[in-house]
Structures are given as C-alpha cells and as structure tokens.
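Notes to accompany the following structure.
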Amino acid sequence: MESHNVEYDSASEIVEVRRSPLRKISTFNGSRHVISSNTAVHELLECPICMNVMYPPIQQCPNGHTLCAKCQSKVRCCPICRHELGNIRCLALERVAESLELPCKYQILGCQDIFQYHNRLRHEQNCAFRPYNCPYAGAECPITGDIPSLVEHLKSDHKVDMHDGCTFNHRYVKSNPQDVENATWMLTVFNCYGYQFCLHFEAFHLGMAPVYMAFIRFMGDDHDARKFCYSLEVGTNGRKLTWQGIPRSIRDSHTKIRDAMDGLIIQRSMALFFSGGNRQELKLKVAGRIWKEQA
C-alpha cells in the first residue's frame with residue numbers, strides 16, 4: 001500500500017491517509033488548497049482502519065496521519081507510522097470536508113442521492129437502501145442484507161420454518177413451563193401477499209410475572225408494513241384472548257417490540273389454563289391471520 005504526504009506551511013498540519021496506487025493525489029498549500037478531483041478529497045476522508053468516512057472530531061497522529069475518533073479510541077499507535085497517538089485534531093481537513101458533497105454509502109445498493117458532508121450521516125441512518133438486520137431472535141445474529149438474502153439465510157442457517165398463506169394455527173409445547181429465563185422459543189416465516197412476515201413467540205418475565213408473548217414483524221420497511229393488519233388468538237372451552245395490530249417492520253428489533261408490549265401477552269397461569277390437562281405442560285395453540293388494509 002502506498003502513502004502520499006500532504007503538506008501545509010508552518011500554520012497548518014500534515015495529513016496523510018492510506019490510498020491505493022490508482023488514487024489521485026490531493027495537496028493543500030497553506031491557506032489555499034489545490035484539489036485534483038472530488039474523488040481524491042473523498043478518499044482523504046476515509047479512515048485507514050475502518051475505511052468509513054471520518055466526521056469531526058477527525059484525529060491525527062503527530063506525523064499527520066488521520067483516523068476517525070472511534071478508531072482512535074481503540075488503538076494506541078498510528079496504523080501508518082506506528083507513532084504513539086495523542087489527542088490532536090486535524091482542523092484543516094475538517095474545514096475542507098464541510099464544503100463537500102458526498103454520495104450515500106449505500107450507493108452500491110441503489111441509493112443515488114448526494115448530500116452535504118454533515119447531512120450524509122443523518123440520511124444513512126434512515127436510508128431506505130440500508131441493509132436489514134437478521135430478524136432471528138434466538139441469538140444476536142450479525143448477518144445483514146436485503147430481504148431475499150435474509151429469507152435464504154433464515155432458511156439455511158437458522159432452519160426457520162417457512163409457510164405459504166395468510167392464516168396459521170401453531171401449537172407451542174414446552175414440558176417445563178416453569179423454566180422461563182428470557183427465552184426466545186420460536187420464529188416462523190409466512191409468505192403472504194408477496195411479502196414475508198415473521199411470527200415470534202417468546203417467554204420472558206414482565207416485572208416478576210412470567211409471561212408469553214406472540215407478535216408479527218414485517219420483512220420490509222415501515223411504510224409497507226402499515227398496509228397490513230394481523231390478528232392472534234389463543235383459547236379453549238369457549239374462552240379466548242385476541243389481539244389485533246399492525247405488524248412492525250424488522251427495522252425495529254424484537255426486544256424493542258417486546259418492551260413496548262406490542263403483541264398478544266399471555267400470563268403463564270392463563271397459558272397453562274388454555275393448555276388443558278393437569279396444567280403442568282404448556283400446549284398452547286396460537287391461531288392468526290394476516291390481511292391487507294384497503295387503500
């Protein structure tokens with residue numbers, strides 16, 4: 001990997017970042033700067049460790065090599081020259097960056113918008129093209145991607161059950177329902193109206209009370225999720241509990257939905273009553289359907 005030095009006069013600082021031999025060189029000269037291309041300046045803003053665009057405070061080592069504040073907090077030495085890092089800001093590069101327009105980092109996924117330097121980060125946090133997190137709730141899965149790739153990932157890696165149709169009737173069985181330690185039990189995916197919906201069934205403590213909760217998440221963005229409704233029902237012997245709601249997008253984590261209690265919540269004593277028998281084993285049937293709201 002080749003490095004290029006960017007020098008200032010005595011009133012300025014030295015900035016250097018990693019770049020490939022194919023990248024153009026940008027030089028700054030005192031109070032004025034000569035830039036060979038917009039791309040070259042964009043490359044100057046790439047952190048040499050994480051390769052993300054740097055935002056103030058942009059840090060530098062005593063030799064002028066820059067890196068982002070997040071990476072600077074994790075390392076003791078400069079990744080370029082191995083000099084011990086201090087707490088030096090590269091104010092000159094920060095000033096230059098303020099005048100830039102940058103493409104969204106999800107450009108490769110389809111976003112074609114261009115933003116002012118300080119507005120780019122705000123956009124990327126809500127960009128419609130940003131990848132989705134894996135909706136599997138049984139573990140903190142690090143996989144991200146678009147919906148088709150996540151569906152395949154759920155099927156092949158998490159062995160999630162896939163069903164076609166907009167109505168369902170599932171039975172959840174647990175031989176020892178007294179053992180509830182924030183357990184996530186089940187995720188089932190339904191193909192319905194050309195979209196995918198995730199049915200979650202979880203066990204956890206609400207305060208001191210053990211409860212079960214069922215809810216549905218939509219594999220897509222919130223504006224599409226709001227086109228649908230769903231209902232859930234549990235019951236037996238003429239008694240039943242029902243819930244009707246709007247599926248939440250998988251942009252919202254399952255813990256966020258659970259903490260908001262946005263679903264069918266069943267106390268353990270009631271769940272065991274619905275299970276029948278000696279009430280020592282959970283055999284809970286959850287029925288439901290998904291439908292599309294009329295425009």
Side-chain angles (χ1 to χ4, degrees), residues 1-8 12-28 33-134 140-147 149-150 153 251 253:
M1 186 69 69
E2 182 182 347
S3 297
H4 297 292
N5 290 334
V6 182
E7 297 184 354
Y8 295 83
S12 303
E13 300 165 344
I14 300 172
V15 180
E16 180 180 74
V17 295
R18 293 189 303 179
R19 60 178 72 249
S20 72
L22 298 177
R23 290 180 175 179
K24 298 179 181 178
I25 303 172
S26 299
T27 58
F28 298 83
H33 52 272
V34 180
I35 304 172
S36 59
S37 75
N38 252 357
T39 301
V41 183
H42 297 170
E43 290 163 358
L44 278 176
L45 289 171
E46 285 185 359
C47 173
I49 297 177
C50 67
M51 303 307 294
N52 291 325
V53 172
M54 297 182 289
Y55 289 90
I58 297 175
Q59 303 293 319
Q60 68 173 42
C61 79
N63 289 328
H65 303 115
T66 56
L67 70 165
C68 71
K70 184 176 181 181
C71 289
Q72 189 258 4
S73 67
K74 298 177 181 178
V75 297
R76 296 181 59 186
C77 298
C78 172
I80 307 299
C81 67
R82 313 308 300 172
H83 195 289
E84 185 174 351
L85 293 171
N87 188 24
I88 309 171
R89 285 182 66 174
C90 186
L91 299 176
L93 185 57
E94 290 181 13
R95 287 196 297 269
V96 171
E98 290 176 355
S99 65
L100 294 180
E101 291 185 336
L102 299 173
C104 173
K105 74 175 181 179
Y106 302 120
Q107 184 180 52
I108 193 172
L109 299 178
C111 183
Q112 299 301 312
D113 293 333
I114 304 294
F115 298 92
Q116 290 288 333
Y117 174 68
H118 284 293
N119 294 334
R120 179 180 185 258
L121 195 60
R122 186 183 309 114
H123 159 78
E124 288 173 351
Q125 292 172 347
N126 297 287
C127 178
F129 292 91
R130 71 191 190 279
Y132 296 89
N133 295 322
C134 172
E140 294 300 325
C141 181
I143 297 298
T144 63
D146 59 15
I147 298 302
S149 66
L150 286 182
H153 163 69
R251 296 286 190 199
S253 69

[X]: side-chain hydrogen bond (donor to acceptor under 3.5 Å, both in side chains) partners, not counting sequence neighbours:
| X | result |
| --- | --- |
| Y132 | D221 |
| S253 | T255 |
| N52 | none |
| H123 | none |

If you take all heavy atoms of [X] and [Y], which pair is closest and at what distance?
| X | Y | answer |
| --- | --- | --- |
| L85 | Q72 | CD1-CG, 4.1 Å |
| K70 | S73 | O-OG, 2.6 Å |
| C104 | R120 | C-NH2, 4.0 Å |
| L93 | L44 | CD2-O, 3.9 Å |
| L45 | A97 | CD2-CB, 3.8 Å |
| A128 | R251 | O-NH2, 3.6 Å |

How many angstroms lie between atom [atom1] of [X] and atom [atom2] of [Y], to the nearest 0.5 angstrom?
| X | Y | atom1 | atom2 | answer |
| --- | --- | --- | --- | --- |
| C78 | Q60 | SG | CD | 10.0 Å |
| M51 | E43 | CE | CD | 9.0 Å |
| L150 | T144 | CG | OG1 | 7.5 Å |
| I114 | N119 | CD1 | CG | 12.5 Å |
| E94 | C90 | CD | SG | 7.0 Å |
| Q59 | C71 | CD | SG | 11.0 Å |

Under 3.5 Å donor-acceptor, R76 side chain and E84 backbone
no
Strictly by side chain to side chain donor-acceptor pair (under 3.5 Å), give each pair with a member in residues 109-118 just once, sequence neighbours left out.
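Passing the test, one end in residues 109-118: E101-Q116.
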Residues at least two apart in sequence or cross-chain that pass ring pair (Phe, Tyr, Trp, His ring centres under 6.0 Å) with F129, listed by chain then number, are none
Taking the side chain as every heavy atom from C-beta outward, state whether C127 and K105 have any pair of such atoms under 4.5 Å apart.
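Not in contact.
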Do the non-hydrogen side-chain atoms of I49 and C68 ever get within less than 4.5 Å of each other?
no
